[in-house]
Amino acid sequence: MTVKYTEDHEWLKIDGDTATVGITVHAQDALGDVVFVDLPAVGATLAQKETAGVVESVKAAADVYMPVSGEVVEVNEALRSDPSLANSDPLGAGWFFKIKLSDASQLDALMDETSYTQFSAG
């Protein structure tokens, strides 16, 4: 399974033509305690960089962007009832939504873990 990262601090776990999307450890650290998430509608087709949702914390609200173009095929309902999952397990149980990729070539422009680690440290 391939994992990619965006400059907006989202991660994607790619499995075939589907990707699971969430926010990175760096993003949840910066936000602080997450108290609310607004997730996209299942069936919505969104373009890369379009706003897919919102995450609100005790400190700030931040948009969650589509890392690549695609159709939302599933959302994490557990996150709606327990937004703190975005803090406690951002790379696992705290995932936000799953998309069916419409243009896999967009993945080529995203960062791998090493590049993202250097990017987020800078």
Open item on the list: Is there a path of hydrophobic side-chain contacts, each under 4.5 Å between heavy atoms, that joins Y5 and V68?
Closed with: no
- [ ] Measure across K100 and V73 and return the closest heavy-atom pair with its distance rounded to 0.1 Å.
- [x] CB-CG1, 3.9 Å
Task: Co-membership, hydrophobic cluster, residues V72 and L12, 4.5 Å side-chain - done: yes
Open item on the list: Just so I know, are the side chains of T20 and D15 near enough to count as touching, which here means a heavy-atom distance under 4.5 Å?
Closed with: no
TODO: Compare every heavy atom of S88 with every heavy atom of P90, then report the nearest pair and how far apart it is.
DONE: CD-C, 3.7 Å
Open item on the list: Are E74 and W95 packed together at the side-chain level, in the sense that at least one heavy-atom pair is separated by less than 4.5 angstrom?
Closed with: yes
TODO: Please confirm whether the backbone N or O of A93 pairs with a side-chain atom of N76, one donor and one acceptor, at under 3.5 Å?
DONE: yes
TODO: Could you tell me whether the side chain of K4 reaches within less than 4.5 Å of the side chain of I14, counting heavy atoms only?
DONE: yes
Open item on the list: So L46 and T51, do their side chains get closer than 4.5 Å, heavy atoms only?
Closed with: no
Open item on the list: If I compare all heavy atoms of A47 with all of M66, which pair ends up nearest, and what's the gap?
Closed with: O-CB, 3.4 Å
Task: Min side-chain heavy-atom separation T45-S102 under 4.5 Å - done: no
Open item on the list: Quick one, H26 and W11 - any side-chain contact, counting heavy atoms below 4.5 Å?
Closed with: no
Task: Shortest non-hydrogen contact from A61 toward V54 - done: CB-CG1, 4.4 Å
Task: Atom CD of E50: over 12 foreign heavy atoms under 6.0 Å - done: yes
- [ ] Identify the heavy atoms of A30 and K59 that sit nearest to each other, and give their distance.
- [x] O-NZ, 3.4 Å
- [ ] Decide yes or no for V25 and L91: does some side-chain heavy atom of the first lie under 4.5 Å from some side-chain heavy atom of the second?
- [x] yes
Open item on the list: Is there a continuous path of hydrophobic side-chain contacts, each under 4.5 Å between heavy atoms, that joins M111 to I99?
Closed with: no
Task: Pairwise side-chain contact, Q106 with L101, heavy-atom cut-off 4.5 Å (strictly under) - done: no
Open item on the list: I'd like to know if the side chain of E10 and the backbone of I23 have a donor-acceptor N/O pair within less than 3.5 Å.
Closed with: no
Task: Any donor-acceptor pair under 3.5 Å from Q28 side chain to V34 backbone - done: no
Open item on the list: If only side-chain N and O atoms count, and only distance matters, is there a donor-acceptor pair under 3.5 Å linking T24 with Y116?
Closed with: yes
Task: S84 versus N87, side-chain donor and acceptor atoms under 3.5 Å - done: no
TODO: Return the minimal non-hydrogen interatomic distance between T18 and K98, and the atom names on each side.
DONE: CG2-CB, 4.4 Å
Open item on the list: For a side chain to side chain contact (heavy atoms under 4.5 Å, CB included) check, start with the C-alpha distance between Y65 and T6, then their side-chain angles and the critical distance, and finish with the verdict.
Closed with: CA-CA 9 Å; Y65 299 102; T6 72; over 6 Å; no
